[in-house]
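Shown next, in structure tokens, is the structure this report addresses.
As a basis for the values below, the full set of heavy atoms in this structure was taken, side chains included, without hydrogen atoms, waters or symmetry mates. In what follows, chains are A, B, ... by sequence order, proteins preceding strands, each numbered from 1.
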Protein chains: 2
Amino acid sequence: MSNVINESGILAISTRLQRLADTLRKDGQLIYKAHGIEFEPKWFPVIYTLYYKETMSVMEIAAGIGYTHPSTISLLKELEKQKLIRSRKDKRDERKRLLTLSEKGQELVQQMLPVWKRMEKALTALTNTANNLMAAIEEVEAQMEVKGFYERERGIR
Amino acid sequence: MSNVINESGILAISTRLQRLADTLRKDGQLIYKAHGIEFEPKWFPVIYTLYYKETMSVMEIAAGIGYTHPSTISLLKELEKQKLIRSRKDKRDERKRLLTLSEKGQELVQQMLPVWKRMEKALTALTNTANNLMAAIEEVEAQMEVKGFYERERGIR
DNA sequence: TGTATTTATGTAGTCAGCTACGTAGTTTTA
DNA sequence: TAAAACTACGTAGCTGACTACATAAATACA
């Protein structure tokens, strides 16, 4: 498809990563729609986290999903408008707001579990090539923890 | 770092791809700055393409870098404001606008070539793990050409 | 040759993340 | 125990991509 960029190799890697992420997210959207489920791919991290942890504060969720807290707050707002989650003040620390899945949220998760299984299978089939994408991501993240892109460039000869 | 999301595995892959892309792009920004070069990572695809192809129309560039034409146009606007590229009407087809690197653009590329080499080395070191990230991306893109995420999910049992 | 279609470009508005900054509780410490 | 520092949350506005729609030139065809 695209020519010069693919040939330019690794320098355009962030462009290619983003393109891939976009394509997968959009397909995810279509899949939920095809199953008649009103759900946005971007809600997944929060919903999934609350399903496993039950009750968490805003900052805990943000840390758990690896987003900044403002991004998390805007997701939480949407989810509350959809009545998928509920929030209340923490009695012991009035700064904190505690989030839980609502009844409707719980039901939605039950409805989605089999769909997630199917998506998992499809994604696994798609990405389980000679060089496994998930493994590659994890390896690169580990490498970056050791020494990031910036530091590595600085350190060249 | 983040816990539930990394454990949720492949379902959060688009989130993780995007995060990785973001981190690399931001480090790229810092690297240019550290070299005292006024250059944005997002300009790379256009500049690199024009460096190798000399003269191209808007649509040709868009296709070449794999972006939509509106995205490409807004990049071209920025680059023209920076006086890194020049544009003129195609005499033989008045719909087309032909883009080329300006003197300043040419000079900038010359200045950046050694930096790009260093970045390439750093990125290669970062990503050349057991499962090579660039190779994985290419393999997944190839798999998607055969059958996308959506079609695969639809086709399960 | 005029009309319909296609192609190239442009504009407006959306989206999913971000940073910067501000406020209000909580904890620490002099 | 009051001031300082820290933590949790919130708002505003940016960014870099997108889709949808509009317009004008070129081409095809009746």
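The distance from atom CD1 of Ile61(B) to atom C1' of dT9(C) is 12 Å, rounded to the nearest whole Å. Per the geometry, CE belonging to Met56(B) stands 13 Å off P belonging to dA8(C), to the nearest Å. If you take CG of Leu79(A) and C1' of dA16(C), they are 14 Å apart, rounded to a whole angstrom. Look at CG on Asp90(B): it is 15 Å from C1' on dA24(D), rounded to the nearest Å. As rounded to whole Å, 11 Å separates atom P of dG10(D) from atom CE of Met59(A). Look at CG on Leu75(B): it is 15 Å from P on dT9(C), rounded to the nearest Å. The CZ-P distance, from Phe44(A) to dA16(C), rounds to 16 Å in whole Å. Rounded to a whole Å, the NZ atom of Lys26(A) is 7 Å from the P atom of dC18(D).
Along DNA chain C, the nucleotide closest to Glu78(A) and the one closest to Lys96(B) are compared, and the more 5′ of them pairs with Lys96(B). Comparing Gln29(A) and Pro70(A), the nucleotide of DNA chain C nearest to each residue sits closer to the 5' end for Gln29(A). Along DNA chain D, the nucleotide closest to Val58(A) and the one closest to Asp22(A) are compared, and the more 5′ of them pairs with Val58(A).
Between Arg95(B) and dG10(C), a side-chain N or O to OP1/OP2 separation shorter than 4.0 Å is absent. Distances shown here put a side-chain N or O of Lys77(B) below 4.0 Å from the OP1 or OP2 atom of dT11(C). The shortest distance between the side-chain N/O atoms of Ser71(B) and the OP1/OP2 oxygens of dG16(D) is not below 4.0 Å. Contact annotation: Ser57(B) side-chain N/O to dA8(C) OP1/OP2 distance is not under 4.0 Å. Side-chain N/O atoms of Tyr67(B) include one lying less than 4.0 angstrom from OP1 or OP2 on dA17(D).
More than 12 heavy atoms of other residues, nucleotides or ligands sit less than 6.0 Å from atom CD of Gln110(B). Annotation: Glu151(B), atom CD; neighbour count of heavy atoms from other residues, nucleotides and ligands within 6.0 Å is above 12.
Here the side chain of Thr68(A) is nearest to one of dT26(C), dC9(D), dC18(C), namely dC18(C). Nearest to the side-chain atoms of Lys42(B) among the listed nucleotides dG25(C), dA8(C), dG16(D) stands dG16(D). Comparing dG10(C), dC9(D), dG25(C) by their closest approach to the side chain of Arg97(B) singles out dG10(C).
As judged by a 4.0 angstrom heavy-atom cut-off over every strand, Ser74(A) is placed among residues making no nucleic acid contact. Contact annotation for Lys89(A): no contact, since no heavy-atom pair falls under 4.0 Å across all strands.
Between Lys53(A) and Glu60(A) there is no salt bridge, since none of the side-chain N atoms of the basic residue sits less than 4.0 Å from a carboxylate O of the acidic one. We find that Arg86(A) and Glu103(A) are not joined by a salt bridge, their nearest charged nitrogen and carboxylate oxygen being 4.0 Å or further apart.
To the nearest 0.5 angstrom, Arg19(B) atom CZ is 13.0 Å from Leu17(A) atom CG.
Between Trp43(B) and Phe39(B), the ring-plane angle classifies as perpendicular under the 30° and 60° cut-offs.
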